[in-house]
Amino acid sequence: MQKQIEQNEVELSKRIYELFLVKFKGNKSAFARASKCSEGAVRKVFQNKQSITFNLLLRFSHALDVQLSELVKGLDLKSEA
């Protein structure tokens, strides 16, 4: 299960990064301001050095003008015990 979570997080980060490149043209400072978080957090998420919290996910989706459901669409979110 941990491996699937990590794969989902990498994929989610990739999706956010692609949208960020289009909307913010690579400007991490502008994205951080729009997300109301630190530029360091943005960098760490994009480098897969920081987990994406639910709070950050909401902030990123708002800044990107995309529904949260669109960001996670198609990810395997099932939990296997």
Side-chain angles (χ1 to χ4, degrees):
M1 180 169 89
Q2 183 63 32
K3 184 177 180 181
Q4 185 61 46
I5 291 170
E6 290 169 4
Q7 289 173 341
N8 281 339
E9 193 160 20
V10 167
E11 176 61 26
L12 188 56
S13 181
K14 179 182 161 195
R15 292 176 184 187
I16 291 168
Y17 185 74
E18 290 170 357
L19 293 168
F20 149 79
L21 286 177
V22 172
K23 181 163 183 180
F24 291 92
K25 298 179 182 25
N27 188 330
K28 291 181 182 92
S29 295
F31 182 51
R33 281 191 303 273
S35 301
K36 295 185 172 66
C37 69
S38 72
E39 189 176 343
V42 170
R43 269 195 316 275
K44 288 177 185 175
V45 166
F46 287 160
Q47 295 170 351
N48 296 309
K49 292 182 178 179
Q50 177 177 325
S51 293
I52 302 172
T53 63
F54 189 70
N55 185 299
L56 261 182
L57 187 57
L58 290 173
R59 290 171 183 266
F60 287 170
S61 67
H62 179 75
L64 294 166
D65 294 322
V66 65
Q67 292 292 319
L68 181 63
S69 59
E70 285 299 311
L71 287 174
V72 298
K73 190 175 189 175
L75 293 178
D76 183 5
L77 303 175
K78 297 178 206 156
S79 161
E80 294 181 20

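Once rounded to the nearest 0.5 Å, the distance linking CD of Q50 with OG of S13 reads 10.5 Å. To the nearest 0.5 angstrom, L12 atom CG is 8.5 Å from L68 atom CG. Distance check, rounded to the nearest 0.5 Å: NZ of K44 to OG of S38 gives 7.0 Å. Here OG1 of T53 is found 8.0 Å from CZ of R59. Values are rounded to the nearest 0.5 Å.
Counting heavy atoms from C-beta outward, R15 and L75 have side chains that approach closer than 4.5 Å. With contacts defined as side-chain heavy-atom distances shorter than 4.5 Å, the pair L19/F31 does not qualify. Looking at I16 and L57, their side chains come closer than 4.5 Å, going by heavy atoms from C-beta outward.
Between A30 and N27 the shortest heavy-atom distance is N-OD1, 2.9 Å. Between E39 and S29, the shortest heavy-atom distance links the atoms OE1-OG, 2.8 Å. Nearest heavy-atom pair, L56 versus S51, reported as atom, atom and distance to 0.1 Å: CD1-O, 4.4 Å.
For the residue pair Q7 / E11, no side-chain donor-acceptor distance below 3.5 Å is found, with atom types taken as modelled.
Hydrophobic clustering (ILVMFWY, side-chain heavy atoms < 4.5 Å, transitive): V10 and F60 are in distinct clusters. Linking Ile, Leu, Val, Met, Phe, Trp and Tyr residues whenever their side-chain heavy atoms come within less than 4.5 Å leaves V22 and V42 in two separate clusters.
Residue Q67 places its CD atom among 12 or fewer non-hydrogen atoms of other residues, nucleotides or ligands, all under 6.0 Å distant.
Judged by distance alone, the side chain of R43 and the main-chain N or O of K28 form no donor-acceptor pair under 3.5 Å.
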In sequence, state the C-alpha distance, the side-chain angles, and the governing distance for E9 and I52, and then conclude on side-chain contact (heavy atoms from CB on, under 4.5 Å). CA-CA 7 Å; E9 193 160 20; I52 302 172; 3.8 Å; yes
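Between F20 and Y17, the angle of the ring planes lies from 30° to 60°, which puts this pair in the tilted group.
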